[in-house]
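This report refers to the structure that appears directly beneath it.
Every value quoted in this text rests on a predicted model; they were computed, and no experiment measured them.
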Amino acid sequence: MLAEQGPGMKSPPFTYHRPSTLQEAVGLLRAHENSKVLAGGQSLMSMLNLRYLFPDALVDINRVAELAGIDANAERVRFGAMTRQRAIERDSAVARLLPVVTRALTYVGHRQTRNRGTIGGSLCHLDPAAELPTLALLHDAVVEVAGISGTRRMPIVEFIAGFMTPAIDPDEIVSAVEFPIWPAGHGWGFHEFSRRHGDFAIASAACLVSRDGGDRVTRAAIAIGGVGTIPQRLPSAETVLVGSAGDAASIEDAVARCVDLESIGDFHGSADYRVSVARSMLRRALRDALGQAGTPSS
């Protein structure tokens, strides 16, 4: 079917395909060289209407039921790529096992956005200020990618190829993402600053920490969004925290490591301003996480 430009439409013309299976979808991508995948459409439709993109074909995967759903066990939570953000936000297992994800999703656009937006779509769009790619990096997520020859798995650090660029081939589709679970009793924190609620973050900070029986920090993960061209881990700050008492001085030592971030400026603010905001967000997130972290459950 050919979608023609009509009154009030701004998108360029393209052929529209609506497969019902994953294999059919990847087959269509292989058959149409200049094609795009339509998931939630929260970014893609705007880019089409603004004529940033000129695909010859659009492959709508909303009818591919095998791509949606949440499956949790003692080690990880697996999200089908077409799982809506609102479904993740309201899921009780996610709230129990990945509480930082539940918290951060309240910052994603507005409820109407989350009703349509998908986790796979957000990961593939890879906006550096988006919450879900930052959370995937924080949790060392594993991304599953499907193609004609089958599926392959890659760590999120390999999936992020660059600015808004996932490391997948044009005829591949992200089919799922798995978030490893931290031990019960870990602390978490998420804070972000944007001009208005629902806007993309000028800077965000997400963190996870675990303590031992003596209240020393045994493990830490920190991810920063919005500051550079991609979401970033902050390993130097993680190293500072591990072995510390997690006190105010330790927090400030970690916050000082924000100078290690890649930073860019735009019309929202300079690179220095974004780093300054990131420092404030990280300080708040670490206070939350360290305040919650207790002795690991047996």
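His191 and Asp288 share a side-chain donor-acceptor pair at under 3.5 Å. Asp247 and Ser250 are linked by a side-chain donor-acceptor pair at a separation below 3.5 angstrom, with hydrogens and angles left out of the test. Judged by distance alone, the side chains of Glu144 and Ser175 do bring a donor and an acceptor atom under 3.5 Å apart. A donor atom on one side chain and an acceptor atom on the other are found under 3.5 Å apart for Asp260 and Ser236.
In this structure, the side chains of Ile181 and Val77 come closer than 4.5 Å at one or more pairs of heavy atoms. In this structure, Ser35 and Leu29 have side chains that are in contact, with non-hydrogen atoms separated by less than 4.5 Å. Side-chain contact between Arg274 and Asp266 is present, with at least one heavy-atom pair separated by less than 4.5 Å. By the 4.5 Å heavy-atom criterion applied to side chains, Arg287 and Ile251 are counted as neighbours. Between Val26 and Asp171 the shortest side-chain heavy-atom distance does not fall below 4.5 Å. Between Leu135 and Phe179, the closest side-chain pair of non-hydrogen atoms falls below 4.5 Å. The shortest distance between side-chain heavy atoms of Thr21 and Glu66 falls below 4.5 Å. Looking only at side-chain heavy atoms (C-beta outward), Ile88 and Ile70 come within less than 4.5 Å of each other.
For residues 107-126, the pairs satisfying salt bridge (charged side-chain N to carboxylate O under 4.0 Å, His left out) are Glu89-Arg114, with sequence neighbours left out.
Proximity of a side-chain donor or acceptor of Thr134 to a complementary backbone N or O of Leu132 within less than 3.5 Å is not detected. Checking side-chain atoms of Thr151 against main-chain N and O of Gly147 turns up no donor-acceptor pair under 3.5 Å. Side-chain atoms of Asp56 never come within 3.5 Å of backbone atoms of Phe14 as a donor-acceptor pair (strictly under, hydrogens ignored). A donor-acceptor contact shorter than 3.5 Å is absent between the side chain of Ser210 and the backbone of Arg219.
Each of Ser263, Ser204, Pro128 was checked for a side chain to side chain contact (heavy atoms under 4.5 Å, CB included) with Val227, and the lone residue meeting it is Ser263.
The distance between the ring centers of Tyr107 and Phe190 falls below 6.0 angstrom.
In summary, Glu178 and Arg153 engage in a salt bridge, as defined by a charged side-chain N under 4.0 Å from a carboxylate O. For the pair Arg233 and Glu238, the salt-bridge criterion is met [side-chain N within less than 4.0 Å of a carboxylate O].
The hydrophobic cluster containing Leu48 also contains Tyr16, counting ILVMFWY residues as joined when their side-chain heavy atoms lie under 4.5 angstrom apart, directly or transitively.
Judged as a side chain to side chain donor-acceptor pair (under 3.5 Å), and not counting sequence neighbours, the contacts of Arg84 are Asn62.
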